[in-house]
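To start, the structure itself, in structure tokens.
Whatever order the structure lists ligands and atoms in, that order sets their numbers, starting from 1. Side chains included, hydrogens not; waters and symmetry mates left out as well; all remaining heavy atoms used.
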Amino acid sequence: MSNEIKRQSEFWDSELTAFDAIYTHKKSKVQVWLDRIFRKDMFERFEFTMDNSEPIKGKTFLDVGCGSGQYSIEFARRGAGHVVGLDISNNMVHASQEYAKRNSVDVECNFMQSDLLEYKTDAKFDITIGIGLFDYIKEPLPVVKKMRELTAGKVILSFPRLFTWRAPVRKARLAIKKCNVYFYTKNGIRRLMKEADFRISRIEKVGKLYCVVATYD
Ligand SMILES: C[S@@+](CC[C@H](N)C(=O)[O-])C[C@H]1O[C@@H](n2cnc3c(N)ncnc32)[C@H](O)[C@@H]1O
């Protein structure tokens with residue numbers, strides 16, 4: 001495990017409760033209200049991903065940087081055949097396993113602690129997602145190329161936009177916690193996807209993000 005991945009994994013281990021509370025709303029009413037305003041795009045990217053994954057029934061999914069498993073569990077609840085969730089944070093993986101059990105989808109879901117680049121499988125997934133992942137990836141090209149290798153259908157990805165008021169604020173806030181965060185331009189995303197041999201079928205501005213659907217010929 002590289003130093004960068006180790007730092008990220010320790011950071012996300014410590015962030016589990018705070019991050020998950022964005023979805024579960026286990027926080028004060030004021031904080032929930034602030035999330036609705038300032039983190040609106042987190043909920044919008046969820047809708048974007050689900051809409052662009054339909055029909056979900058019977059499909060296989062790879063959820064890279066699955067966090068607390070919100071996407072994976074929703075895919076399974078909507079009838080996915082099989083879902084693999086990968087995350088470098090041990091705490092995130094345990095939380096995902098717990099939620100999957102609580103939602104009675106633990107048979108359909110398999111959560112593993114792994115960096116995508118170290119993940120070994122012969123499987124090819126119908127859909128691979130990387131949501132809220134590229135924010136924390138220093139070198140995105142090998143990651144997108146690995147996704148290409150593991151995907152039979154399409155990828156659905158989110159990238160934080162560079163030119164927003166939030167980018168420098170977020171960079172400074174996370175720097176205090178020793179977590180690096182990376183931002184992207186539309187042209188940069190186009191170049192990245194092309195280099196990994198993907199064809200972008202949709203690229204949409206979703207709040208302070210770009211959400212992307214890409215396939216290959
Ligand atoms: C912002 S969270 C997003 C979680 C989830 N996708 C969501 O949107 O709810 C980012 C997650 O990516 C994970 N992560 C970062 N780099 C990774 C890598 N190289 N391989 C797998 N997971 C990674 C982190 O541990 C963290 O849990």
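Ion pairing between a basic and an acidic side chain is recognised when a charged N comes within 4.0 Å of a carboxylate O; Glu74 and Arg77 show such pairing. The existence of a salt bridge linking Glu204 and Arg202 is confirmed by a sub-4.0 Å separation between a basic side-chain nitrogen and an acidic carboxylate oxygen. Salt bridge annotation for Asp135-Arg170: present, with a cationic side-chain nitrogen under 4.0 angstrom from a carboxylate oxygen. Ion pairing between Lys6 and Glu10 holds under the 4.0 Å rule for side-chain N and carboxylate O.
Scanning the protein for heavy atoms near atom 10 (C) of ligand 1, the closest one is Gly132 O, 3.3 Å. Atom 7 (C) of ligand 1 has Tyr23 OH, 3.3 Å as its closest protein atom, hydrogens excluded (heavy atom only). Distance from atom 21 (C) of ligand 1 to its nearest protein heavy atom, with residue and atom name: Ser114 O, 3.5 Å. When only non-hydrogen protein atoms are considered, atom 20 (N) of ligand 1 lies nearest to Leu116 N, 3.3 Å. Among protein heavy atoms, atom 25 (O) of ligand 1 sits closest to Asp87 OD1, 2.5 Å. Remark: minimum distance from atom 4 (C) of ligand 1 to any protein heavy atom is reached at Gly65 O, 3.3 Å. In terms of protein heavy atoms, atom 15 (C) of ligand 1 is closest to Ile88 CD1, 3.6 Å.
For ligand 1, the polar-atom distance check against Ile131 finds a nitrogen or oxygen pair separated by under 3.5 Å.
With sequence neighbours left out, the side chain to side chain contact (heavy atoms under 4.5 Å, CB included) criterion links Lys178 to no other residue.
Taking the centre of each ring, Phe61 and Phe75 come in below the 6.0 Å mark.
For atom 8 (O) of ligand 1, the nearest non-hydrogen atom from the set Met42, Gln70, Arg45 comes from Arg45.
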